[in-house]
Amino acid sequence: MAAGSLILHSPTPGRVRAMDWLRGLSVLFMIECHSLIFLDPKYAYSHLLMTLNGINGMVSVAFLFTSGFAGGLVGARAAKDSAARKRRAKRTFWRLLQVLVMSLYFHSASAPIYTHPATLLQVDILFCIAIGVMAVWLIVTLCSGHNAVAIFVLVTTATLILIFTPPAVRYRGGTIVTELLNSSTGSMFPIFPWLIYPLLGAAMGVIAATPNTGRRRLIFAIIALLLVTWTINQPFLDAIFWSHFPNDDGLFWVRNGLERIWILCVVLLALFTIDYAALALASVSWSRLFVPLERTVDFFSRHALFGYFAHLSLLYGFLTFQFTNQWHHRSTWTQYTWRMLIVIAGTAVVCMVIHRVKRLLDSLVRNVPASRKLPDTPLAPVQES
């Protein structure tokens, strides 16, 4: 392979590059979306902004789907091995802790958690990811390597959540339950219907975990999911089913969820096509032109969680210090573009710093002098049953 060709042309074993690219692109579009606060309000109804908002509506879906996919993929691979399952459980809980701490941080900055503790249960994107990851881990682990059973349970659970979305959206009971079920009390990503995305992503991850044929089966599964969700959401079904539920907010979320799923499937199939095309053109000299874009997408894919923290801190302030307050609602489209690029670059720098600090701390922990370690207590050999 020629030097300078796309680095993902040397596939990392076990990785699905289309999913990695989807996660990396989601981070970039998330920064683009949140940077829209720079725009002058006079552009609020411009055609370009309306187009961007249509694209930006898929960012959260992609985040939830890829988080579920990763959980399903690694969980299914580790499910049959008790040692691997224990290691995966530790990593899963550590990841959950990171996500929940970050969610708590942003909650404390935007909600009155001290005077109204119930607002802690308002489900933001990070909280929803944590719930999804935990649900996926429980289902895949309990299925103990029976992938077909895990896929059935994941898809069935996602379908039930979609079916019960209308009554969940209408529910107005206790505050704590309502926070989790719908957005009436301020939750932006309640489990109805948002949990369907990590569950379906996890089902795709379990399918992809099949040795040798996983990638091919994954593509066929995405095509099947596309056809099913697209068909159900077609206008010709209005007279048969949808027309019986006029002006139902819950039904809107059902149809909206189905629409987002099939659009996401189209995007994934496009990324798989680009992946295969890139492999075929790896030796072509002009393929080097795409190296900067590929490396950017790959970088943000590997640092998605810290990218979320870093860019929001740059936009809205960190420790009461506002980084971009002077740009708020004061930008033309040209100014918005270069200011958004500054935020992307700043986010990358913060992510690199966090990554290096994390590596340094890990290195210090691993290289603690033997004299400082607690002496090992001799134990009698344990026979495995």
What residues form a salt bridge (charged side-chain N to carboxylate O under 4.0 Å, His left out) with R95, not counting sequence neighbours?
none

Using a 6.0 Å cut-off, check whether atom CZ of R172 has over 12 heavy atoms from anything other than its own residue.
yes

Measure the shortest side-chain to side-chain distance between I125 and Y308 over non-hydrogen atoms and say whether it is less than 4.5 angstrom.
yes

With rounding to the nearest 0.5 Å, note down the distance linking CH2 in W338 to CZ in F38.
9.5 Å

dist T157:OG1 -> I139:CD1 (nearest 0.5 Å) comes out at 4.5 Å

Rounding to 0.5 Å, atoms OG1 (T66) and CD1 (I129) come to a distance of 7.5 Å

Compare every heavy atom of R17 with every heavy atom of R215, then report the nearest pair and how far apart it is.
NH1-N, 4.2 Å

Could you give me the CA-CA distance, side-chain angles and deciding distance for M30 and F63, then say whether side chain to side chain contact (heavy atoms under 4.5 Å, CB included) is met?
CA-CA 10 Å; M30 173 180 63; F63 265 121; 3.7 Å; yes

Any side-chain heavy-atom pair from I131 and W194 closer than 4.5 angstrom?
no

Counting distance only, does the side-chain N/O of S103 pair as donor-acceptor with the main-chain N or O of L126 below 3.5 Å?
no

Counting only N and O atoms by type, is there a donor-acceptor contact under 3.5 Å from the side chain of N56 to the main-chain atoms of L52?
yes

Starting at CG of D40, measure out to CH2 of W333 and round the result to the nearest 0.5 Å.
11.0 Å

Could you work out, with side chain to side chain contact (heavy atoms under 4.5 Å, CB included) as the rule, every residue matching L269, not counting sequence neighbours?
I219, I222, I223, L226

Is the shortest side-chain heavy-atom distance between N233 and T229 below 4.5 Å?
no

If two hydrophobic side chains count as joined below 4.5 Å and joins carry through other members, does L154 share a cluster with L142?
no

Quick one: does V133's side chain get under 4.5 Å of L96's, heavy atoms only?
yes

Exercise: identify the closest heavy-atom pair between L314 and V343:
CD1-O, 3.8 Å

Has S301 got a side-chain atom pairing as donor or acceptor with V297's backbone, closer than 3.5 angstrom?
no

Let me confirm one number: the CZ-NE2 distance from F29 to H34, rounded to the nearest 0.5 Å.
13.5 Å

Between T347 and A310, which heavy-atom pair has the shortest distance, and what is it?
CG2-CB, 3.9 Å

For residues 260-269, which residue pairs pass the side-chain hydrogen bond (donor to acceptor under 3.5 Å, both in side chains) check, not counting sequence neighbours?
N256-R260

Closest heavy-atom pair and its distance - P193, T165
CB-OG1, 3.6 Å

Using the test side chain to side chain donor-acceptor pair (under 3.5 Å), find all partners of H303 that sit at least two apart in sequence or belong to another chain.
none

How far apart are the C-alpha atoms of F309 and Y105, what are their side-chain angles, what is the distance that settles it, and do they pass the ring-ring contact (aromatic ring centres under 6.0 Å, His included) test?
CA-CA 9 Å; F309 168 80; Y105 167 75; 5.7 Å; yes

Could I get the full list of salt bridge (charged side-chain N to carboxylate O under 4.0 Å, His left out) partners for K86, not counting sequence neighbours?
none

Go through it in stages, so that I can follow the logic: the residues are W253 and F192, the test is ring-ring contact (aromatic ring centres under 6.0 Å, His included), and I'd like the CA-CA distance, side-chain angles, deciding distance and then a yes or no.
CA-CA 9 Å; W253 284 109; F192 291 88; over 10 Å; no

Heavy-atom closest pair, residues A168 and N182:
O-ND2, 2.7 Å

Heavy-atom pair of closest approach, residues L195 and G132
CD1-CA, 3.6 Å

Measure the shortest side-chain to side-chain distance between L180 and P190 over non-hydrogen atoms and say whether it is less than 4.5 angstrom.
no

Would M19 and F65 satisfy side chain to side chain contact (heavy atoms under 4.5 Å, CB included), going step by step from the backbone distance to the final call?
CA-CA 9 Å; M19 289 292 179; F65 190 89; 3.5 Å; yes

Co-membership, hydrophobic cluster, residues L361 and V353, 4.5 Å side-chain
yes

Check residues 196-209 and write down every donor-acceptor pair under 3.5 Å in which the side-chain atom is one partner and the other belongs to a residue at least two apart or another chain.
none

Under the ring-ring contact (aromatic ring centres under 6.0 Å, His included) criterion, do F127 and F106 qualify, and how do the steps go?
CA-CA 11 Å; F127 196 179; F106 287 114; over 10 Å; no

To which residues is V101 joined in a hydrophobic cluster, defined by side-chain heavy-atom contacts under 4.5 Å among Ile, Leu, Val, Met, Phe, Trp and Tyr, whether direct or through other members?
W94, L97

Criterion side chain to side chain contact (heavy atoms under 4.5 Å, CB included) on W230 and I261, from CA distance to verdict:
CA-CA 8 Å; W230 179 82; I261 292 169; over 6 Å; no

With a 3.5 Å distance limit and no angle check, can you tell me whether T156 reaches the backbone of F152 through a side-chain donor-acceptor pair?
yes

With hydrophobic residues grouped by side-chain heavy-atom distances under 4.5 Å, do V153 and V74 end up in a single group?
no

Using a distance-only test with no angle check, is there a side-chain donor-acceptor pair under 3.5 angstrom linking S35 and R339?
no

Side-chain heavy atoms under 4.5 angstrom apart, residues restricted to Ile, Leu, Val, Met, Phe, Trp, Tyr: same cluster for L48 and L28?
yes

Identify, with sequence neighbours excluded, every residue that meets side chain to side chain donor-acceptor pair (under 3.5 Å) alongside S46.
none

Heavy-atom distance under 4.5 Å between the side chains of W327 and I37, does that happen here?
no

Joint hydrophobic cluster, L227 plus F220, side-chain heavy atoms closer than 4.5 Å:
no

Can you tell me how far apart CG (L25) and CD1 (I55) are? Round to the nearest 0.5 Å.
11.0 Å

List the steps and the verdict of side chain to side chain contact (heavy atoms under 4.5 Å, CB included) for L36 and Y43.
CA-CA 10 Å; L36 290 172; Y43 300 108; over 6 Å; no

By side chain to side chain contact (heavy atoms under 4.5 Å, CB included), M188 pairs with (sequence neighbours left out) none

I'd like to check the salt bridge (charged side-chain N to carboxylate O under 4.0 Å, His left out) partners of R302; sequence neighbours left out, ordered by chain and number.
D298

Any side-chain heavy-atom pair from V350 and F306 closer than 4.5 angstrom?
no

Who passes side chain to side chain donor-acceptor pair (under 3.5 Å) against T92, sequence neighbours left out?
none

Sorted by chain and number, sequence neighbours left out, side chain to side chain contact (heavy atoms under 4.5 Å, CB included) with T213 holds for T210, R216, R217

Looking at G186, is its backbone amide N or carbonyl O close enough to the side chain of S183 to form a donor-acceptor pair, meaning the two atoms are under 3.5 Å apart?
no

With no hydrogens and no angle check, is any side-chain donor or acceptor of S187 less than 3.5 Å from a backbone partner on V123?
yes

Is the shortest side-chain heavy-atom distance between V267 and M58 below 4.5 Å?
no

